[in-house]
4 protein chains.
Amino acid sequence: MDKDTPRTATLLMHCPDRPGLVAGVTRFLAEHGANIIDLDEHVDRSEGQFFMRVRWELAGFALTPAAFGEAFDTAIARPYQVTWQLHDDGRPQRMAIFVSTMSHCLYDLLSRWQSGEWPVEIPLIISNHETLRPVAEQFGLAFHHFPITPENKADQEAREIALLAEHQVDFVVLARYMQIVSPRLIEAFPQRIINIHHSFLPAFAGARPYHAAHERGVKIIGATSHYVTEDLDAGPIIEQDVTRITHRDSVGELVRKGQDLEKLVLARGVWAHLQRQTLVYRNRTVVFS
Amino acid sequence: MDKDTPRTATLLMHCPDRPGLVAGVTRFLAEHGANIIDLDEHVDRSEGQFFMRVRWELAGFALTPAAFGEAFDTAIARPYQVTWQLHDDGRPQRMAIFVSTMSHCLYDLLSRWQSGEWPVEIPLIISNHETLRPVAEQFGLAFHHFPITPENKADQEAREIALLAEHQVDFVVLARYMQIVSPRLIEAFPQRIINIHHSFLPAFAGARPYHAAHERGVKIIGATSHYVTEDLDAGPIIEQDVTRITHRDSVGELVRKGQDLEKLVLARGVWAHLQRQTLVYRNRTVVFS
Amino acid sequence: MDKDTPRTATLLMHCPDRPGLVAGVTRFLAEHGANIIDLDEHVDRSEGQFFMRVRWELAGFALTPAAFGEAFDTAIARPYQVTWQLHDDGRPQRMAIFVSTMSHCLYDLLSRWQSGEWPVEIPLIISNHETLRPVAEQFGLAFHHFPITPENKADQEAREIALLAEHQVDFVVLARYMQIVSPRLIEAFPQRIINIHHSFLPAFAGARPYHAAHERGVKIIGATSHYVTEDLDAGPIIEQDVTRITHRDSVGELVRKGQDLEKLVLARGVWAHLQRQTLVYRNRTVVFS
Amino acid sequence: MDKDTPRTATLLMHCPDRPGLVAGVTRFLAEHGANIIDLDEHVDRSEGQFFMRVRWELAGFALTPAAFGEAFDTAIARPYQVTWQLHDDGRPQRMAIFVSTMSHCLYDLLSRWQSGEWPVEIPLIISNHETLRPVAEQFGLAFHHFPITPENKADQEAREIALLAEHQVDFVVLARYMQIVSPRLIEAFPQRIINIHHSFLPAFAGARPYHAAHERGVKIIGATSHYVTEDLDAGPIIEQDVTRITHRDSVGELVRKGQDLEKLVLARGVWAHLQRQTLVYRNRTVVFS
């Protein structure tokens with residue numbers, strides 16, 4: 001983010017498709033002094049749904065967030081049955097990271113934060129192992145260890161949720177966190193928990209995807225970042241990418257090559273979320289560009 | 001193109017950026033009964049230019065093309081200094097193909113036409129060699145041979161231009177046509193001649209790019225489709241793609257692998273043109289998606 | 001294939017891994033006057049198997065194919081328990097094509113044959129529909145129509161197998177042939193039937209993969225060429241590739257983009273087979289480069 | 001590197017192509033008890049050069065490095081005019097990193113070292129700025145600041161070379177080091193200085209490649225890792241990769257997307273070097289797989 005980027009707001013919305021929606025929203029914004037700098041809309045004809053992302057400069061815009069809500073509801077949201085979110089792009093989002101023992105994604109996320117590449121705050125890192133505490137400490141970040149057993153899982157997650165709330169966390173990144181998160185945590189952060197799965201979903205869902213890929217003899221491996229839902233590895237996909245492999249690659253080589261993919265695909269997924277480019281509808285993610 | 005796709009029109013426009021443009025255009029369209037099915041806009045902040053592509057259903061739209069021109073000029077184009085094109089998407093475009101001796105791109109284009117994949121008509125094929133006449137005839141298409149020498153080049157091109165006009169050709173595809181086309185032909189089809197260059201431009205412009213790529217030892221080769229301008233291999237790029245090579249690949253292998261790229265990149269470039277997704281501004285191409 | 005390429009032979013072999021295999025084979029070849037121009041070996045450590053592909057110039061090589069077999073069996077194959085194939089690279093292979101109603105892969109294969117890109121002969125095209133007869137005829141190729149019903153399937157396939165034998169077909173390409181081929185045909189051409197599946201296997205095996213991909217909301221689609229085995233869509237993979245899609249792409253757009261992938265991935269798979277680069281072991285394909 | 005990987009040695013060699021080379025070398029190794037676990041050879045027919053990489057287990061191998069040299073010179077290297085290097089794969093290589101002010105590649109390299117992903121030691125980091133000292137210190141590494149001016153450049157580089165020698169550095173990585181290194185430093189580390197250039201070379205050599213790419217309107221950007229030679233940005237390429245961009249991407253977006261490429265392409269180049277997969281010949285790099 002350039003320092004001289006003008007302060008902006010972003011509106012994400014979807015509703016049943018009807019003629020006049022773009023005209024209606026853009027006229028509403030123009031009437032209140034918005035200078036639109038980015039507008040992307042999409043109509044899913046098979047679903048009959050309209051999706052839009054609009055970003056405008058706040059300088060000259062007449063409405064406060066509260067006033068916007070009231071006016072937009074009256075003029076647009078209620079008549080058109082719109083589901084919407086408004087974001088002040090100038091406020092850094094607060095991201096919690098969950099890890100287990102593998103460090104590659106964690107290093108990548110922390111580097112992007114520390115170097116200022118991402119406009120994000122990291123109030124805490126949570127893990128079910130002590131392994132990565134030194135990495136967190138090296139970057140000066142709080143590290144909370146919550147060992148998980150079948151017996152204590154519900155209690156530990158309740159404490160995690162309380163901690164996330166206490167730190168006003170906006171969203172959670174599972175950076176190769178090797179635990180299934182429970183419905184309670186998912187409900188606390190609907191469409192705000194991002195996971196990285198180390199395969200090209202839906203291929204090789206579940207455990208040990210690199211072993212499965214090697215066994216099947218595929219010529220390409222992939223990684224997938226997605227929002228977490230109760231249905232394991234089946235949440236709405238944000239980003240995927242792949243890399244070519246050959247018969248020469250052992251499972252160990254797949255793991256090595258795959259880790260570079262995981263870093264990249266998770267980072268792109270988080271970036272899309274940070275940029276308010278994502279809108280989930282019926283288990284699919286619209287990713288505005 | 002699905003048979004039951006509704007009849008649509010596409011507007012491509014650009015102008016100096018000013019607040020209210022999207023609102024103004026979409027309101028104009030809504031007032032005349034347009035149901036917008038696709039809208040994509042782009043602001044190039046470094047150039048201060050606004051670009052937009054809007055597609056709407058013609059069913060229920062109140063304006064004929066002529067009436068649209070008058071009304072749009074008055075309401076939008078003159079006040080905002082807009083350059084615009086309106087296209088009736090239901091009319092198949094007429095494409096001429098120029099070839100020399102290599103057949104791979106020609107086969108690919110003709111297959112897409114003959115199978116009905118592309119809504120396009122091919123009134124004629126022009127070549128400076130007789131080599132590919134059998135391919136044209138096999139597909140039942142007219143083939144015109146214009147041998148080119150330094151002495152006859154101007155005359156032959158004048159005859160070609162007349163022939164293209166006679167056949168009401170909308171745009172020209174140079175499918176590995178190994179002749180430099182003259183300014184006169186370019187002026188007759190501004191931003192309507194598409195060339196395929198067998199390298200990842202601007203690397204390896206000019207002749208024998210695969211030899212140059214092999215000599216340089218690159219690990220990736222590419223192809224580029226672009227609109228033809230008087231500045232050779234420097235016209236606005238529509239599409240590029242690449243493929244990985246290794247030290248094992250001889251120049252012959254680069255040619256073989258590259259030809260698959262050329263077919264694909266040319267086809268994608270032509271498709272974007274056919275879909276009215278391209279807008280040229282200052283030697284760059286906006287390609288709406 | 002360059003015209004002045006020297007005449008070569010290719011040996012493909014695999015056996016349990018033991019020290020001295022490369023030395024043994026290369027010494028054997030050198031002793032009989034072979035000038036090796038390409039050698040690639042691979043040891044699958046998890047399987048304990050050794051794989052090798054060697055290509056040498058026939059000029060100066062002392063052994064006829066028959067004499068090679070006897071000498072190689074004695075010196076190498078029996079002591080090391082080697083499974084091997086020897087190919088005379090100068091003999092064009094005879095390829096049969098099976099199609100149904102979609103033409104994109106067929107056009108691509110026929111173009112590569114007719115332009116001389118591939119050193120292959122096409123004695124016949126077989127289809128369960130009449131639809132593509134005009135394409136075959138346009139390219140001057142024999143087209144045999146075998147309509148398939150549950151009742152006549154066994155008989156029709158028996159006739160197809162007889163026809164393939166009569167035409168001395170070396171291998172079969174299923175170019176979007178929408179019929180499951182029976183074990184009898186597979187046994188007649190073990191590891192010599194190549195299919196293109198329109199997904200990134202193992203994701204979206206079975207029917208309608210583009211619909212399934214759209215429903216799941218993936219961000220990348222793929223295609224897979226593989227040898228056909230009795231286990232549907234589960235045969236050894238030769239080649240895969242992918243292309244990026246977005247939420248904007250309807251099922252129809254996935255089909256359109258996917259068809260370009262299918263052409264390319266099938267062509268690469270057939271090319272690898274033609275070049276004797278493939279060796280199947282336990283449902284995985286070693287593809288030498 | 002798995003802990004239970006057997007101790008191996010790697011031989012890299014090239015020489016004028018002659019029949020019997022593979023047989024000669026593999027017989028030599030077999031006679032001294034080598035169990036070859038990987039062999040890759042390449043003949044560059046246009047250059048008439050033979051290249052080979054062989055890796056074997058040291059357990060059971062009869063020759064010490066010194067004895068190998070003597071025996072190999074006598075049996076193979078002198079008769080065949082072979083240029084060769086022998087590496088003990090068990091010894092971690094010592095890597096120095098040069099940086100300026102951008103941290104993304106540095107973080108990536110240090111993470112791979114600290115996590116144990118790479119079998120490498122980092123005795124020191126050198127910079128012409130103080131900016132990244134905190135990153136080095138955070139990872140517990142020595143950081144040496146050598147400010148460079150036109151006047152002091154020769155002296156400073158002499159001190160750098162002395163420092164590198166003192167720390168027994170094997171190779172140097174320029175991780176976005178924004179200074180041209182002098183011939184003296186290059187001569188001290190021939191084919192052992194790896195640079196990352198932030199474009200798809202040879203396109204956009206020199207300064208500000210992202211600005212140039214934006215100006216030209218390319219649809220794909222790239223990054224290149226290469227060995228440093230006296231000819232700026234023209235050294236032998238080890239690895240390249242690309243990413244797709246659109247007209248929506250500002251120069252700032254190209255920089256952001258490009259940095260992810262730079263990290264990946266530099267890491268892959270360093271990995272190939274660490275694995276002894278690279279052999280330079282006439283400004284091209286053979287990269288064995």
Side-chain angles (χ1 to χ4, degrees), chain B residues 40-47 49 51 199-205 211-227 234-252 265 268-269 272 277-289, chain D residues 40-47 49 51 199-205 211-227 234-252 265 268-269 272 277-289:
Chain B
D40 200 1
E41 59 94 54
H42 167 61
V43 177
D44 185 327
R45 317 223 120 231
S46 58
E47 303 281 358
Q49 279 286 311
F51 302 86
S199 84
F200 180 80
L201 289 173
F204 310 124
H211 287 78
H214 187 261
E215 179 67 24
R216 179 62 186 91
V218 291
K219 299 302 183 190
I220 284 173
I221 55 170
T224 305
S225 57
H226 62 92
Y227 288 113
I237 294 169
I238 309 171
E239 169 68 358
Q240 302 188 290
D241 210 344
V242 298
T243 202
R244 197 163 275 275
I245 58 168
T246 78
H247 60 272
R248 288 178 170 271
D249 291 307
S250 63
V251 172
V265 169
R268 287 191 198 140
Q277 294 175 318
T278 61
L279 236 177
V280 172
Y281 182 75
R282 278 172 163 268
N283 211 44
R284 292 203 289 263
T285 312
V286 170
V287 184
F288 294 108
S289 59
Chain D
D40 199 2
E41 59 93 52
H42 168 61
V43 177
D44 185 326
R45 317 222 121 230
S46 59
E47 302 281 358
Q49 278 287 310
F51 302 85
S199 84
F200 180 80
L201 288 174
F204 310 123
H211 287 79
H214 187 260
E215 179 65 26
R216 179 63 186 88
V218 291
K219 298 302 183 189
I220 284 173
I221 56 169
T224 305
S225 58
H226 63 91
Y227 288 113
I237 293 168
I238 309 171
E239 167 68 358
Q240 300 186 291
D241 209 344
V242 299
T243 201
R244 198 164 274 275
I245 58 168
T246 77
H247 60 271
R248 288 177 170 272
D249 291 308
S250 64
V251 172
V265 169
R268 287 192 197 139
Q277 294 175 316
T278 61
L279 237 177
V280 172
Y281 182 75
R282 279 172 161 268
N283 211 46
R284 290 203 290 263
T285 311
V286 170
V287 183
F288 294 109
S289 59

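So that the names make sense, note that chain A is the first sequence line, chain B the second, and so on, each numbered from 1. Bear in mind that the values here come from a model prediction, so they are computed numbers and not experimental data. Note that these values count all heavy atoms, side chains included, but never hydrogens, waters or copies made by symmetry.
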Seminar exercise, completed: Residue from D/Ser199, D/Ser46, D/Ala205, D/Ala234 scoring the most non-hydrogen pairs under 4.5 Å with chain B is D/Ala234
Exercise. Taking the side chain from B/Lys219 and the backbone from D/Thr224, do they hold a donor-acceptor pair closer than 3.5 Å?
Worked result: no
Problem set entry | chain D contact via B/Glu47 - side chain, backbone, both or neither, heavy atoms under 4.5 Å | neither
For this session: Taking the six-membered ring for Trp and the single ring otherwise, decide whether the centroids of B/His247 and D/Phe288 are under 6.0 Å apart.
Result: yes
Problem set entry | Pairing residues for B/Arg244 by the salt bridge (charged side-chain N to carboxylate O under 4.0 Å, His left out) criterion, not counting sequence neighbours | D/Glu239, D/Asp241
Exercise. Are the side chain of B/Ser225 and the backbone of B/Val265 linked by a donor-acceptor contact shorter than 3.5 Å?
Worked result: yes
For this session: Would you mind checking which part of B/Asp249 comes under 4.5 Å of any heavy atom in chain D, side chain (CB onward), backbone (N, CA, C, O), both or neither?
Result: neither
Problem set entry | Nearest heavy atoms of B/Ile237 and D/Gly217, plus distance in Å | CB-O, 3.7 Å
Seminar exercise, completed: If one checks every heavy atom of B/His214 against chain D at 4.5 Å, the contacting part turns out to be both
Exercise. Between B/Asn283, B/Leu201, B/Val218, which residue shows the highest count of heavy-atom pairs closer than 4.5 Å to chain D?
Worked result: B/Val218
